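Report on the following structure.
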Amino acid sequence: MTGPSDILRELIRDAVLELADERGIKIEESVEVEVERPKREEHGDWATNIALQYSKVFGEKPRDLAMGIVNKLGSNPYIEKAEVAGPGFINFTLSRKWISELLINVIKDGPDFGRVNVGKGRKVQVEFVSANPTGPLHVGHGRGAAVGDVCANILAFAGWDVQREYYINDAGLQIDLLGKSTQARYFEICGEPGKAPFPEDGYKGAYIYELAQQILDEEGNRFLEIPPEESLPYFKDYACRVILEGIKKDLADFGVNFDMWFSEKSLYEGDLLQRTLETLKSNGYAYEADGATWFKATAFSDDKDRVLIRSNGAPTYFMSDIMYHKNKFDRGFDMVIDVWGADHHGYIPRMKAAVQALGRSPEDLQVLLIQFVNLLRGGKQVSMSTRSGEFVTLREVMEEVGVDAARYFFVMRRSDSHLDFDLDLAKSSTNENPVFYVQYAHARIHSIFREAKSRGVSMPENLESVDFSLLSSQEEVSLIRKIGSFPEEMAKAAEELAPHRVTFYLYDISSAFHSFYNAHRVLGVEPELEKARLCLVEACRVVIANSLKLLGVSAPEKM
RNA sequence: GCGCUUGUAGCUCAGUUGGAUAGAGCAACGGACUUCUAAUCCGUAGGUCGCAGGUUCGAAUCCUGCCAAGCGCGCCA
């Protein structure tokens, strides 16, 4: 896309080259011009530090060089002025032409405003939540769900072809343990607890009793008649299926929908295991020793090699993961994103090594770490312990604070830093709650249009005829700049896989709107000014609505 | 022992491909509604960016060392 920053970059580059040529100074054709948005309002719309970087090459003081560059700048309809400031920055202020084009574009593009094609249609898979189907989702999974989902939204908005996937760990010991736990509770309810003892590390949550009771209701006590080993598969399948259904329901109600539910079991149905091992061996990263098959992790600066196939013939979890990732890449994804709990961070180098061993770049796998959530109620930490089965479920949080607040809170911090989730705050409808703050801004704009309608005023039909130069107050200029930065902010969020940027952006633009709203009236002012302001708040509404959409948070018209 | 992450205002956090006077919110204090929603706004106050060196025109940002917190290092999953 060609935005003002690209135009500026080119203009500045030409000026620098011309100046260098004139002075007989040799510099590279590919001058790297950096333009950035200044932190301070009075420094204009864009700034460059080019004169500071090149002052040595030119043998001139930065300020003098900056002056020279400014004098060489060709005129451009989008630039109102360029001035030298501070130690040698060049600050640019954009013209009215730019402002009116911006606002007209926002209004015309509506829900599509801000789409940038940095993904260029490449395929990316976001795999997230992927909780073992051994119990209901808890708050930690909720954060992973929100972060993964919003990331997927942002990537799609930035031009990637996105697929959402949930990896079901339906093989292995945990499912075994789940089956045994359910079975033991079943016998316990039947009054024969001796038939199968509750496993030492079994799942102790109350939901296991509920599962056992359901089985008893549906099947009666017929399992008392047969040996526990024979009925175990039934308990495993039943428990796993019902819990997974619950998880799917929770996620759907949370606004998270997956394109693919991928079963771990299915990895072993074909010859993937053999093919993966062959790939690794032919690339020189797998070998046999001590009766086991090893991964040559030391080739990737791990401190020792890792087992793939145990001497008893069973593949390790690491092997499963390698197979799974080979499968992902074989499905044609250009990039694969795994969303993991932060306690798995030590596993990243190994997984990246495996990706390289499969012949891919380590950059093709991105891992997003989700730090723990610290729930607060009444200013005190809500104690949680998975072991004892005492944890707060995602459903409880959703029901207590609502989906909007829950999603917003889960993504409002960098995902790799601890999150304090204040339940009371999320529920409150006061100025302390950021969710209400941003939703309120949206509702207020709708309220303006409702009032406008009752006065018989509506948006101007011919946007080109609106005089946007009337929007010249400090509040209006700030708001326009904020609206203009939406595409690049979203592009940044996509590039950094940083959903929290969206919440910060939303807060900023809402704040700019509220300031504007308190300082100026939209309706009842001069007709020309009223037209321009209606366009301004409509553009603002579009951008707020688009941001909320990315977060999966509703944009209420009335509050 | 090795490794990863974090350390910014009283609290919760942005900012980290080096840039101008380090920014928000909450809490504190003082103000603003006869008007399109006061669920809002405006102002005041609050900082040796963990500590110490280094690199340079310039460091919260890069390098080294140290301190503190959390986590990870299995032929477990």
Side-chain angles (χ1 to χ4, degrees), chain A residues 34 36 38-40 42-43 47-49 52-53 55-56 61-62 85-89 91 132 169 171-177 264 290-294 301-304 306-321 341-350 369 371-372 374 376 379 412-414 416-420 422 425 428-441 443-452 454-455 457 475 496 498 500-501 503-504 507-508 510-511 513-525 530 533-534 537 558-559:
Chain A
E34 284 176 38
E36 56 179 13
K39 286 178 198 155
R40 306 179 68 84
E42 62 267 29
H43 292 153
T48 181
N49 60 354
L52 292 157
Q53 290 181 317
S55 76
K56 248 188 193 166
K61 283 183 189 163
F89 290 95
N91 294 333
N132 289 347
N169 291 95
L173 292 179
Q174 296 309 311
I175 297 297
D176 228 53
L177 204 55
E264 180 187 4
D290 306 330
T293 306
W294 296 74
S301 67
D302 200 342
D303 51 356
K304 58 180 171 179
R306 307 288 170 176
V307 173
L308 294 171
I309 308 288
R310 298 183 193 102
S311 48
N312 68 5
T316 59
Y317 192 83
F318 183 42
M319 184 68 222
S320 279
D321 271 345
D343 50 338
H344 291 83
H345 69 79
Y347 200 62
I348 297 175
R350 209 184 301 175
L369 291 180
Q371 261 297 359
F372 297 113
N374 188 22
L376 300 170
M412 74 179 176
R413 300 279 177 253
R414 291 171 41 150
D416 58 358
S417 74
H418 286 268
L419 170 69
D420 282 340
D422 189 328
L425 178 59
S428 76
S429 48
T430 69
N431 56 351
E432 299 162 40
N433 189 340
V435 188
F436 282 86
Y437 185 85
V438 301
Q439 288 183 322
Y440 184 49
R444 260 184 159 176
I445 296 173
H446 268 274
S447 153
I448 294 172
F449 282 104
R450 272 194 300 275
E451 175 64 20
S454 76
R455 296 184 186 195
V457 176
E475 288 85 4
E496 297 173 14
H500 74 279
R501 279 189 175 277
T503 64
F504 277 90
Y507 197 91
D508 280 351
S510 303
S511 171
F513 168 74
H514 285 310
S515 293
F516 161 78
Y517 184 91
N518 272 275
H520 308 282
R521 293 192 55 78
V522 174
L523 303 175
V525 295
E530 183 179 70
R533 285 190 175 158
L534 277 171
V537 296
K558 212 171 188 177
M559 287 174 77

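Every heavy atom of this structure was used, including side-chain atoms; hydrogens, water molecules and symmetry mates were not. In this text, all values refer to a predicted model and were calculated from it rather than measured experimentally. Every chain is numbered from 1, with letters handed out A, B, ... down the list of sequences.
Looking at A/Tyr440 and A/Asn433, their side chains never bring a donor and an acceptor atom within 3.5 Å of each other.
A/Ser55 comes within contact range of no nucleotide atom at all, as no heavy-atom separation falls under 4.0 Å. Using a 4.0 Å heavy-atom criterion, one finds that A/Tyr440 contacts the bases of the nucleic acid, with or without backbone contacts as well. Counting non-hydrogen atoms under 4.0 angstrom, A/Lys56 reaches the backbone sugars and phosphates but no base. No engagement by A/Ala452 is indicated, since no non-hydrogen atom pair under 4.0 Å with the nucleic acid exists.
The nearest heavy atom of RNA chain B to A/Leu419 and to A/Ser515 marks one nucleotide each, and the one closer to the 5' end goes with A/Leu419.
Residues A/Val307 and A/Phe318 share a closest heavy-atom pair of O-CD2, 4.3 Å. A pairwise comparison of heavy atoms in A/Asn91 and A/Ala47 identifies OD1-CB, 3.3 Å as the closest pair.
When the P atom of B/rC41 is taken as reference, atom CZ of A/Phe516 falls 14 Å away, rounded to whole Å. Rounding to whole angstrom units, CG of residue A/Asp422 and C1' of B/rC13 are separated by 14 Å. Remark: C1' of B/rU6 and CD of A/Gln371 are 9 Å apart, rounded to the nearest angstrom. Between the OH atom of A/Tyr517 and the C1' atom of B/rC41 there is a distance of 11 Å, given to the nearest Å. B/rC13 atom C1' lies 16 Å from atom CG of A/Asn433, rounded to whole Å. The nearest whole Å value for the distance from the CD1 atom in A/Ile448 to the P atom in B/rU40 is 16 Å. Look at CD on A/Glu475: it is 8 Å from P on B/rC42, rounded to the nearest Å. Across the protein-nucleic acid pair, A/Phe436 atom CZ and B/rC26 atom C1' stand 17 Å apart, rounded to whole Å.
If you take atom C1' in B/rA60 and the same atom in B/rA45, they sit 23 Å apart, rounded to whole Å. Going from the P atom of B/rC66 to that of B/rG19 covers 27 Å, rounded to whole Å. Separation of the P atoms belonging to B/rA38 and B/rC11 is 34 Å when rounded to the nearest angstrom. One C1' atom belongs to B/rG50, the other to B/rC67, and the distance between them is 7 Å to the nearest Å.
In this structure, of B/rA24, B/rC41, B/rA38, it is B/rA38 that holds the atom nearest to the side chain of A/Arg444.
Taken to the nearest 0.5 Å, the CZ atom of A/Phe372 stands 4.5 Å off from the CG atom of A/Asp343. Note: A/Met412 CE to A/Leu419 CG = 6.0 Å, rounded to the nearest 0.5 Å.
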Quick one: which protein N/O atoms are closer than 3.5 Å to N/O atoms of nucleotides 18-21 of chain B? Pair and distance per line, please.
from, atom 1, to, atom 2, distance (Å)
B/rG19, N7, A/Asn49, ND2, 2.8
B/rA20, OP2, A/Lys39, NZ, 3.1
B/rA20, N6, A/Asn91, OD1, 2.9
B/rA20, N1, A/Asn91, OD1, 3.1
B/rA20, N1, A/Asn91, ND2, 3.1
B/rU21, N3, A/Arg40, NH2, 3.3

So what's the dot-bracket for RNA chain B: Watson-Crick or G-U pairs under 3.5 Å, [ ] if a pair crosses, | if it pairs off-strand? (((((((..((((.....[...)))).(((((.......))))).....(((((..]....))))))))))))....
Sugar-phosphate means primed atoms, P, OP1 and OP2; the rest is base. With that split, encode nucleotides 72-77 of chain B 5' to 3' as B, S or - using protein heavy atoms under 4.0 Å. S-SBSB
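Geometric assessment of A/Arg444 against the ring of A/Phe513 yields a negative cation-pi assignment under the 6.0 Å and 45° thresholds.
Side-chain contact between A/Val537 and A/Phe516 is present, with heavy atoms from C-beta onward closer than 4.5 Å. Looking at A/Arg413 and A/Gln371, their side chains never come closer than 4.5 Å, going by heavy atoms from C-beta outward.
Every residue two or more places apart in sequence or in another chain was checked for a side-chain hydrogen bond (donor to acceptor under 3.5 Å, both in side chains) with A/Glu530, and none qualifies. Applying the ring pair (Phe, Tyr, Trp, His ring centres under 6.0 Å) rule to A/His446 yields the partners A/His442; only residues at least two apart in sequence or on another chain are considered. Annotation: ring pair (Phe, Tyr, Trp, His ring centres under 6.0 Å) contacts of A/His418 (sequence neighbours excluded): none.
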